[in-house]
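A short write-up of the structure that comes next.
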Amino acid sequence: MADKDYVYPEVGESLRRARESAGMSQDQLAEASGISRITISRIEQAHINPSFRSLEALAQGMGRKLTISFDPVE
(Lines give C-alpha, C1' and ligand atoms only; values in the text may rest on other atoms or scores of the structure.)
Protein backbone atom coordinates (compact mmCIF):
# COMPACT_ATOMS: atom_id res chain seq x y z
CA MET A 1 0.00 0.00 0.00
CA ALA A 2 1.27 3.47 -0.88
CA ASP A 3 2.23 5.91 1.85
CA LYS A 4 -0.36 8.70 2.04
CA ASP A 5 2.38 11.33 1.69
CA TYR A 6 3.90 9.80 -1.46
CA VAL A 7 3.99 12.10 -4.47
CA TYR A 8 3.61 10.48 -7.89
CA PRO A 9 6.22 12.03 -10.22
CA GLU A 10 4.74 10.31 -13.30
CA VAL A 11 1.63 12.51 -12.94
CA GLY A 12 3.69 15.68 -13.09
CA GLU A 13 5.75 14.39 -15.98
CA SER A 14 2.61 13.47 -17.92
CA LEU A 15 1.16 16.92 -17.27
CA ARG A 16 4.34 18.63 -18.46
CA ARG A 17 4.49 16.54 -21.65
CA ALA A 18 0.80 17.19 -22.41
CA ARG A 19 1.17 20.93 -21.75
CA GLU A 20 4.23 21.20 -23.97
CA SER A 21 2.53 19.10 -26.66
CA ALA A 22 -0.38 21.54 -26.54
CA GLY A 23 2.13 24.37 -27.08
CA MET A 24 1.20 26.05 -23.81
CA SER A 25 3.24 27.73 -21.11
CA GLN A 26 2.36 27.22 -17.48
CA ASP A 27 0.90 30.74 -17.46
CA GLN A 28 -1.32 29.96 -20.47
CA LEU A 29 -2.52 26.72 -18.91
CA ALA A 30 -3.24 28.50 -15.64
CA GLU A 31 -5.37 31.05 -17.47
CA ALA A 32 -7.24 28.36 -19.44
CA SER A 33 -7.80 25.98 -16.53
CA GLY A 34 -8.30 28.20 -13.51
CA ILE A 35 -5.47 26.37 -11.72
CA SER A 36 -2.68 28.67 -10.54
CA ARG A 37 0.68 28.62 -12.29
CA ILE A 38 2.34 27.90 -8.95
CA THR A 39 0.16 24.82 -8.47
CA ILE A 40 0.90 23.64 -12.03
CA SER A 41 4.63 24.08 -11.37
CA ARG A 42 4.40 22.18 -8.07
CA ILE A 43 2.55 19.30 -9.77
CA GLU A 44 5.06 19.14 -12.63
CA GLN A 45 7.99 19.16 -10.19
CA ALA A 46 6.40 16.37 -8.11
CA HIS A 47 6.03 18.51 -5.00
CA ILE A 48 2.28 17.81 -4.71
CA ASN A 49 -0.33 15.39 -6.00
CA PRO A 50 -3.23 17.05 -7.82
CA SER A 51 -6.85 16.22 -7.09
CA PHE A 52 -8.91 14.57 -9.81
CA ARG A 53 -10.90 17.78 -10.07
CA SER A 54 -7.67 19.72 -10.76
CA LEU A 55 -6.54 17.15 -13.31
CA GLU A 56 -9.88 17.44 -15.09
CA ALA A 57 -9.62 21.25 -15.18
CA LEU A 58 -6.06 21.04 -16.51
CA ALA A 59 -7.07 18.57 -19.22
CA GLN A 60 -9.98 20.76 -20.28
CA GLY A 61 -7.69 23.80 -20.30
CA MET A 62 -5.51 21.99 -22.85
CA GLY A 63 -8.52 20.87 -24.88
CA ARG A 64 -7.96 17.28 -23.83
CA LYS A 65 -9.95 14.56 -22.13
CA LEU A 66 -8.71 13.12 -18.84
CA THR A 67 -8.31 9.36 -19.00
CA ILE A 68 -7.14 7.02 -16.28
CA SER A 69 -5.89 3.50 -16.82
CA PHE A 70 -4.93 0.67 -14.54
CA ASP A 71 -2.16 -0.93 -16.54
CA PRO A 72 -0.63 -4.23 -15.39
CA VAL A 73 2.69 -4.01 -13.58
CA GLU A 74 5.50 -5.45 -15.65
From [X] atom [atom1] to [Y] atom [atom2], the distance as rounded to the nearest 0.5 Å:
X: R42; Y: R37; atom1: CZ; atom2: CZ; answer: 11.5 Å
X: Q60; Y: L55; atom1: CD; atom2: CG; answer: 11.5 Å
X: S41; Y: H47; atom1: OG; atom2: NE2; answer: 7.0 Å

- Within the distance-only criterion (no hydrogens, no angle test), does the side chain of S14 pair as donor or acceptor with the backbone N or O of E10 below 3.5 angstrom? yes

Could you pull out the closest heavy-atom pair between [X] and [Y], with the gap in Å?
X: R64; Y: A22; answer: NH2-N, 3.9 Å
X: Y6; Y: N49; answer: O-ND2, 2.7 Å
X: G61; Y: A32; answer: O-CB, 3.5 Å

**Request:** Dump the intermediate steps for side chain to side chain contact (heavy atoms under 4.5 Å, CB included) on L58 and L66, then the final yes or no.
**Result:** CA-CA 9 Å; L58 290 164; L66 177 64; over 6 Å; no

* To do: For the residue pair S25 and D27, confirm or rule out a side-chain donor-acceptor distance under 3.5 Å.
  => no

Test item: side-chain donor near acceptor, R19 and S33, under 3.5 Å = no

Check your understanding: So, are R16 and E13 salt-bridged, with charged N and O less than 4.0 Å apart?
Key -> yes

* Is it true that V11 and F52 fall in one hydrophobic cluster, defined by side-chain heavy atoms closer than 4.5 Å? -> yes

message = Would you say Y8 ends up clustered with I68 if hydrophobic residues are merged whenever their side chains have heavy atoms under 4.5 Å apart, either directly or through other cluster members?
response = yes

*asked:* Quick one, M24 with I40, criterion side chain to side chain contact (heavy atoms under 4.5 Å, CB included). Give me CA distance, side-chain angles, the key distance, then yes/no.
replied: CA-CA 12 Å; M24 299 178 84; I40 293 168; over 6 Å; no

Determine, step by step, whether I48 and V7 satisfy the side chain to side chain contact (heavy atoms under 4.5 Å, CB included) criterion, reporting the C-alpha distance in whole Å, the side-chain angles of both residues, the deciding distance to 0.1 Å, and the verdict. CA-CA 6 Å; I48 61 171; V7 177; 5.8 Å; no

The side chain to side chain donor-acceptor pair (under 3.5 Å) partners of T39 (sequence neighbours excluded) come to S36

- Kindly determine whether L29 and L15 satisfy side chain to side chain contact (heavy atoms under 4.5 Å, CB included), including the steps that lead there. CA-CA 11 Å; L29 180 54; L15 173 59; 4.1 Å; yes

